[in-house]
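Side chains included, hydrogens not; waters and symmetry mates left out as well; all remaining heavy atoms used. By convention here, the first residue in the shown sequence is residue 1.
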Amino acid sequence: MDSGLTNGVLVPSADDKSVVGGGGVEDVYGEDSATEDQLVTPWTVSVASGYTLLRDPRFNKGLAFSENERDAHYLRGLLPPSVSCQELQEKRLMHNLRQYEVPLQRYIAMMDLQERNERLFYKLLIDNVEELLPVVYTPVVGEACQKYGSIFRRPQGLFISLKEKGKILEVLKNWPERSIQVIVVTDGERILGLGDLGCQGMGIPVGKLSLYTALGGVRPSACLPVTIDVGTNNEKLLNDEFYIGLRQKRATGQEYAELLHEFMCAVKQNYGEKILIQFEDFANHNAFELLAKYRTTHLVFNDDIQGTASVVLAGLIAALKLVGGTLADHSFLFLGAGEAGTGIAELIALEISKRTNIPVEETRKKIWLVDSKGLVVSSRKESLQHFKRPWAHEHEPVKELFDAVKAIKPTVLIGTSGVGKTFTKDVVEAMASFNEKPVIFALSNPTSQAECTAEEAYEWTKGRAIFASGSPFNPVEYNGKVFVPGQANNAYIFPGFGLGLIMSGTIRMHDDMLLAASEALAAQVTEENYAKGLIYPPLTNIREISARIAAKVAAKSYELGLASRLPRPKDLVKFAESCMYSPVYRNYL
Ligand SMILES: O=C([O-])CC(=O)C(=O)O
Ligand SMILES: [Mg+2]
């Protein structure tokens, strides 16, 4: 039975009671899963019909309302006579989108669609993922955040500023959906590699959550984007008349910690123990501290530390097929010793340790980090931030990346510094001089911040590099051969990872789940992909890939006794698939 609207009255159906999926009309009201506390909200549920129905993006189908639906829901005359199918609407929209030459216009058009017809937005995104991901996600979302104030139309997500201190629980209750399963939250201090964008960082939680739905199948009504506004230190924004956030310098210390703590407590109180909170694009100091502080009391995941680590480890495991050896045979040099750099480094060290039984303190020694002051070495230990200290190995000081490359002779070079164009010709040529197949990952986002371009990597290594980047690059032709760069972006991991946590009712995160996700992703690279030099599977199959990642993450959670959904479904891949939201229109009769 399908769920639907009958004479403007919402009817829940029997087949939409799964914890995650369905995405049916009844989810909006979610009585099945809402707790008593959640039912007490300050607004009244109103039933959509007629004009209101057309204006409600959750239910609107535009020209795709059938004749009978038009009769049943008071739509006669409100639509032109023609009836379209969803596929025709999709064709028309893709045609229109392709007319826009300015990428930001495509972004605005996609956001307008999301606000107008949610199912059509997701249908477009799912069916055209390779084309539209760069629009709603990196790189264009970066520009959208920079200009968020001037392109602002309707608020998407919750804005929680210092003004809401003491009232965060009430603010959460203002949100129209009650059965929230995942929150992506930022404080806007380190948006991609673009720095402090304050309140305008909201584009990131919105974009990440649209991928939770499109790539991971979590229903849209279960996703809540949040921006915590404690001010910004970005002078340009503070002086921008269109800036949408608090016009003050960032609150820090106790004031910051108290607001964040109130938020974390209110979220758990309002949505329960199993709500997944994904931290996104916080500055280093806060990112590490928040993760350490809340990992034992909440289900928290830091995408920049953990999601990026998991996707890069997957790429490295896959790359072994092309370069040979085991992970333990390789040596790694990072430019950037922040969230992504140390997060990836630690996960590699953990994986090697698991595979070899060598203690992690030892396996870390094959991994070197360079920060803005040069190679991280033991003589710098006292002055280093705590998250860099495990990487301060014995070595004489080295200032420049190029000299560090020559001294360490890594087989793998990874850029996570957020600073573009730092893998210079010298650096890349040095990598190629002592590696048959140098592995080079330029991970900083968006494209403007990439350490080098795909073209540079292939040219400077004479086509020998195994290259991946955080933001997408087009295939490159070099010496008559086409090279397809991989996109080592956490988008491969977090949607499936989150689905796995949600569908198993996981209450706490564990690093072994990240390793499981990496192995699951690497296992999706086919012989055909390898033959083309690919170390990530194409994004076109991402929903299948996400289901497999979800299944492995859930399996690990059950194994660790962290999953609360019992009994454990027998076939976790099938279960994951059955939970996934479908953007196909519902029949409202
Ligand atoms: O958003 C992305 O594309 C990847 C990411 O988490 C970041 O760069 O902070
Ligand atoms: Mg991020």
Distance in Å, [X] [atom1] paired with [Y] [atom2], rounded so as to fall on 0.5 Å steps:
X	Y	atom1	atom2	result
Glu577	Ser582	CD	OG	13.0 Å
Leu215	Ser546	CG	OG	5.5 Å
Leu327	Leu320	CG	CG	5.0 Å
Leu413	Leu335	CG	CG	7.5 Å
Arg190	Asp196	CZ	CG	11.5 Å
Lys409	Ser433	NZ	OG	7.0 Å

Sequence-distant partners of Ala576, side chain to side chain contact (heavy atoms under 4.5 Å, CB included), two or more places apart: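 Ala576: side chain to side chain contact (heavy atoms under 4.5 Å, CB included) contacts with Leu499, Met503, Ala547, Ala550.
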Identify the two heavy atoms, one from [X] and one from [Y], that lie closest to each other, and give their separation to 0.1 Å.
X	Y	result
Val370	Ala404	CG2-CB, 3.9 Å
Leu211	Ala491	CD1-CB, 3.8 Å
Glu130	Leu539	OE2-N, 3.6 Å
Ala516	Lys556	CB-CB, 4.3 Å
Pro134	Val140	O-CG2, 3.0 Å
Ala454	Pro485	CB-CG, 3.9 Å

Quick check, are the ring centers of Tyr458 and Tyr478 under 6.0 angstrom apart? no
Within the side chain of [X], is there an N or O that forms a donor-acceptor pair under 3.5 Å with the backbone of [Y]?
X	Y	result
Gln114	Phe121	no
Arg106	Tyr100	yes
Asn479	Lys481	no
Glu280	Val184	no
Glu477	Val482	no
Gln200	Gly149	yes
Gln278	Phe301	no
Gln86	Pro583	yes
Thr308	Ile305	no
Asn490	Ile493	no

Evaluate the side-chain proximity of [Y] to [X]: yes if any heavy-atom separation is below 4.5 Å, no if none is.
X	Y	answer
Val360	Glu346	yes
Val398	Val377	no
Asn302	Glu339	yes
His393	His395	no
Thr453	Thr447	no
Thr416	Val312	no
Val185	Ile277	yes
Thr232	Tyr243	yes

Identify whether the distance between the nearest side-chain nitrogen and carboxylate oxygen of [X] and [Y] falls below 4.0 Å.
X	Y	answer
Asp303	Lys208	yes
Lys91	Glu87	no
Lys123	Asp127	yes

Who passes side-chain hydrogen bond (donor to acceptor under 3.5 Å, both in side chains) against [X], sequence neighbours left out?
X	result
Gln105	none
Ser378	Glu394
Thr422	none
Lys373	none

Who pairs with Asp371 by salt bridge (charged side-chain N to carboxylate O under 4.0 Å, His left out), at least two apart in sequence or on another chain?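 Checked Asp371 against salt bridge (charged side-chain N to carboxylate O under 4.0 Å, His left out); matches are Arg380, Lys388.
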Indicate every side-chain donor-acceptor pair of residues 347-355 with a distance under 3.5 Å to a residue at least two apart or in another chain.
| unit_1 | atom_1 | unit_2 | atom_2 | d |
| --- | --- | --- | --- | --- |
| Glu351 | OE2 | Arg355 | NE | 2.7 |
| Glu351 | OE2 | Arg355 | NH2 | 2.7 |
| Ser353 | OG | Ile358 | O | 2.8 |
| Lys354 | NZ | Asp512 | OD1 | 3.0 |
| Lys354 | NZ | Asp512 | OD2 | 3.2 |

Among side-chain atoms of [X] and [Y], is any donor-acceptor pair under 3.5 angstrom?
X	Y	answer
Thr411	Asn435	no
Ser310	Ser518	yes
Asp281	Thr186	no

Indicate the ring-plane relationship of His330 and Phe332, choosing parallel, tilted or perpendicular according to the 30° and 60° boundaries. tilted
Would you list the pairs meeting salt bridge (charged side-chain N to carboxylate O under 4.0 Å, His left out) in which at least one residue belongs to residues 530-546, sequence neighbours left out? none
Could you list all the salt bridge (charged side-chain N to carboxylate O under 4.0 Å, His left out) pairs where at least one residue sits in residues 442-470, not counting sequence neighbours?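 Applying salt bridge (charged side-chain N to carboxylate O under 4.0 Å, His left out) to every pair that reaches into residues 442-470, excluding sequence neighbours, yields nothing.
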Using the ring pair (Phe, Tyr, Trp, His ring centres under 6.0 Å) criterion, which residues pair with [X]? Sequence neighbours excluded.
X	answer
Tyr148	none
Phe288	Phe387
Tyr212	Phe494

Counting only heavy atoms not in His95, do more than 12 fall under 6.0 Å of its NE2? no
What's the verdict on side-chain hydrogen bond (donor to acceptor under 3.5 Å, both in side chains) for Tyr536 and Asn489, showing C-alpha distance, side-chain angles and the deciding distance? CA-CA 10 Å; Tyr536 290 97; Asn489 189 292; over 6 Å; no
Could you check Ile414 against Leu333 for side-chain contact (heavy atoms from CB on, under 4.5 Å), going step by step and ending with a plain yes or no? CA-CA 6 Å; Ile414 299 179; Leu333 181 67; over 6 Å; no
